[in-house]
Amino acid sequence: MNMEKWLSVLPQFLVLIPSSASCYYTMKNQMRYAPVKTAGLCLAVLVPYALLSAFLCTALEIEANVIFLPMLVAFFFLYRCTVTASLPKCLAVYVGVCAVQSFSGQFAYAFDAYLHPESGAAEFSAEAAFFQFGLSCVIAAAFAWPACQYFFRMVDRLDNPRIWYATVALSSVFLTFNILSVPRSYSTLYTGRIYYLFPLLELCMLAVLTAIYLLFYWGTSVILEHAELKERAQLLEIQSRQYQALQEHMNQTARLRHDFRHSVRLLSDMAERGDLEGIRTYLAQYEKTLTEHVAVNYCTNSTLNALFRYYHEMAVSAGIEAAWKIGLPDPLTVSELDLASLFGNILENGIEGCQTLPAGKRYFNLTAELRHGNSLYIVATNSFDGHVKKGKTGYRSTKRSGTGIGLAAIAAVTEKYGGVLQVSNSDSEFFTDVVIKI
């Protein structure tokens, strides 16, 4: 085996190591295994693959890209198995890293053309191969800090598949251009000023791609902040309504206490007359008045308690028999806004489902309890008319085109905490079962 040829090919496959590290920068909260275990798994696959592929390229005298490019598809599935993020997010990060790292290969070809003007891509030199490997490490190191400090938030918080697929398409344009523009013969680079324009063009494209990623970060940050402010405003509105209801309850209780002495006198008079039936009737009315204004506490968290009260009042006013049993940890170990979004969408969907039936057939059962120390189990069952829309990706909205926004929001929170969501239905009941790690 030609050792010089083998040494010129091996670094082209070793660029997968810094590239694979780059794929996990933004996934630090989405990793299925511990970082050490993930690194060991990647090295156990990539190092033998690089050695074997370099041997095959040398022995069969074929270009590295013939083996390298098809295997990128296989490595994506390996990457997908090591993270918990959704497919659009994984695809966007993976293709984005491939697009950025493809520039190291382009600069390496320009460097190789400088060293060996009469050669071509098929005779890629060992010097250029090590240059490519070193440059890929530099690029991975340059993107490490901003990705780990800022871009990971996009993966954690942005759950719009269309946006992620748009970034996949954009990155694919740059990746495809770099693959197609590999100089087969370096002599073409020495035509006119192409040799100087080629690396300059690649540098400009890298700068443009980086700028696009920065604009994507800033734009999505604004979108997420706006959505968070909207959620907070809705929660504050719900809390305001519940505060008014609580204030009314306190005023009603004060009036009842004030009138209590009159009630005692009335009961005393009826007792002296021996009017037992009148006493029973009066006490029944008095008890009904008290129970109508009792404020129910579902949990110790004031925000979530206000949320449950708000939707419970909505359910009662809609004639829905609501049986809810809520058990949440105190204090909360997850985001208050995330739980509010999760429960709010479950409750809203359940109430809307019940309202598809006539009064008297509406019921909504909800249980949330902590099991096994760190898992919150949420089981919701509501009656509905049995009418659903289903597509390839699951349930679709019956009010508008596309996937139901409520279910999508529930799925997003469940996915964020590494949980499981199961949605199903019978002819008369709709089931939403959620388990999240808290």
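Numbers for residues simply follow the sequence, beginning at 1.
Using the six-membered ring where Trp is involved, Phe151 and Tyr217 have ring planes that are tilted, between 30° and 60° apart.
Under the 3.5 Å distance criterion, the side-chain polar atoms of Arg362 are matched with a main-chain donor or acceptor of Ala318. Between the side chain of Ser185 and the main chain of Thr188, no donor-acceptor pair closer than 3.5 Å is present. Judged purely by atom type and a 3.5 angstrom limit, Thr84 uses its side chain to pair as donor or acceptor with the backbone of Gln30. With hydrogens and angles ignored, the 3.5 Å screen pairs no side-chain donor or acceptor of Arg153 with any backbone N or O of Thr26. Although no hydrogens or angles enter the test, the distance criterion places no donor-acceptor pair under 3.5 Å between the side chain of Tyr311 and the main chain of Ile346. At distances below 3.5 Å, not a single donor-acceptor pair connects side-chain atoms of Glu202 with backbone N or O atoms of Phe103. Checked by atom type and distance alone, the side chain of Ser171 never pairs as donor or acceptor with a backbone atom of Val168 at under 3.5 Å. Remark: the backbone N or O of Ala50 is not paired with any side-chain donor or acceptor of Ser53 at under 3.5 angstrom. Side chain of Ser383 to main chain of Tyr363: a donor-acceptor pair is present (N/O by atom type, distance under 3.5 Å, no hydrogens or angles).
Residues Ser221 and Met154 approach most closely at OG-CE, 3.7 Å, considering heavy atoms. In terms of heavy atoms, Cys57 sits closest to Glu63 at SG-O, 3.9 Å. Of all the heavy atoms in Ala64 and Gln12, the pair that sits closest is CB-OE1, 3.6 Å. Contact detail for Ala368 and Leu376: the closest heavy-atom pair is C-CD1, 4.4 Å. Contact detail for Gly120 and Asp112: the closest heavy-atom pair is O-OD2, 4.3 Å. Residues Leu189 and Ala113 share a closest heavy-atom pair of CD1-CB, 3.7 Å.
The distance from the OG1 atom of Thr356 to the NE2 atom of His387 is 9.5 Å, given to the nearest 0.5 Å. Separating the CD1 atom in Ile163 from the NZ atom in Lys89 is a distance of 11.0 Å, to the nearest 0.5 Å. The line from OH of Tyr33 to OG1 of Thr82 is 7.5 Å long, rounded to the nearest 0.5 Å. Atom OG of Ser104 and atom CD1 of Ile139 lie 5.0 Å apart (nearest 0.5 Å). In this structure, CD on Gln355 lies 10.5 Å from CG on Asn382, to the nearest 0.5 angstrom. A distance of 10.0 Å separates OG1 in Thr432 from CD1 in Ile378, rounded to the nearest 0.5 Å.
Using a 4.5 Å heavy-atom cutoff, the side chains of Leu342 and Ile436 are in contact. Contact annotation: the side chain of Val100 never approaches that of Ser22 to less than 4.5 Å [non-hydrogen atoms, C-beta and beyond]. Leu51 has its side chain out of reach of Phe55: every pair of non-hydrogen atoms, C-beta onward, lies at least 4.5 Å apart. Residues Met27 and Val93 form a side-chain contact, since some pair of their non-hydrogen atoms from C-beta on lies under 4.5 Å apart. At least one side-chain heavy atom of Leu332 sits under 4.5 Å from a side-chain heavy atom of Leu304. Looking at Cys148 and Tyr25, their side chains come closer than 4.5 Å, going by heavy atoms from C-beta outward. The closest side-chain heavy-atom distance from Val379 to Phe431 is not below 4.5 Å. With a 4.5 Å cut-off on side-chain heavy atoms, Leu201 and Phe177 count as touching.
No more than 12 heavy atoms of other residues, nucleotides or ligands sit less than 6.0 Å from atom CD of Glu321. Around the OH atom of Tyr196, the shell of radius 6.0 Å holds no more than 12 heavy atoms that belong to other residues, nucleotides or ligands. Annotation: Lys28, atom NZ; neighbour count of heavy atoms from other residues, nucleotides and ligands within 6.0 Å is above 12. Heavy atoms of other residues, nucleotides or ligands lying less than 6.0 angstrom from OH of Tyr190 number more than 12. Counting heavy-atom neighbours within 6.0 Å of Glu369 CD, excluding the residue itself, gives a total above 12. Residue Gln149 places its CD atom among more than 12 non-hydrogen atoms of other residues, nucleotides or ligands, all under 6.0 Å distant.
Taking the six-membered ring for Trp, Tyr79 and Tyr24 have ring centres closer than 6.0 Å. Checked against a 6.0 Å centroid threshold, the rings of Tyr150 and Trp145 count as neighbours. Side-chain rings of Tyr109 and Phe124 approach one another, their centers coming within less than 6.0 Å.
For Trp324, the ring pair (Phe, Tyr, Trp, His ring centres under 6.0 Å) criterion is met by His312, Phe364, not counting sequence neighbours.
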May I have the step-by-step check of side-chain contact (heavy atoms from CB on, under 4.5 Å) for Leu347 and Phe308, ending in yes or no? CA-CA 8 Å; Leu347 296 172; Phe308 290 126; 3.8 Å; yes
Would you please test Trp164 and Cys90 for side-chain contact (heavy atoms from CB on, under 4.5 Å) and show each step?
-> CA-CA 9 Å; Trp164 289 110; Cys90 291; over 6 Å; no
Is there a side-chain contact (heavy atoms from CB on, under 4.5 Å) between Gln106 and Phe198 once you walk through the steps? CA-CA 9 Å; Gln106 297 299 90; Phe198 178 71; 3.6 Å; yes
Pair Thr300, Asn305 - check side-chain contact (heavy atoms from CB on, under 4.5 Å), show working. CA-CA 7 Å; Thr300 57; Asn305 196 51; over 6 Å; no
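Each of Tyr49, Tyr94, Phe68 was compared with Phe75 under the ring pair (Phe, Tyr, Trp, His ring centres under 6.0 Å) criterion, and only Tyr49 meets it.
Side-chain contact check for Tyr213 and Thr167: no donor-acceptor pair (N or O, by modelled atom type) lies under 3.5 Å. Judged by distance alone, the side chains of Thr381 and Asn365 never bring a donor and an acceptor atom under 3.5 Å apart.
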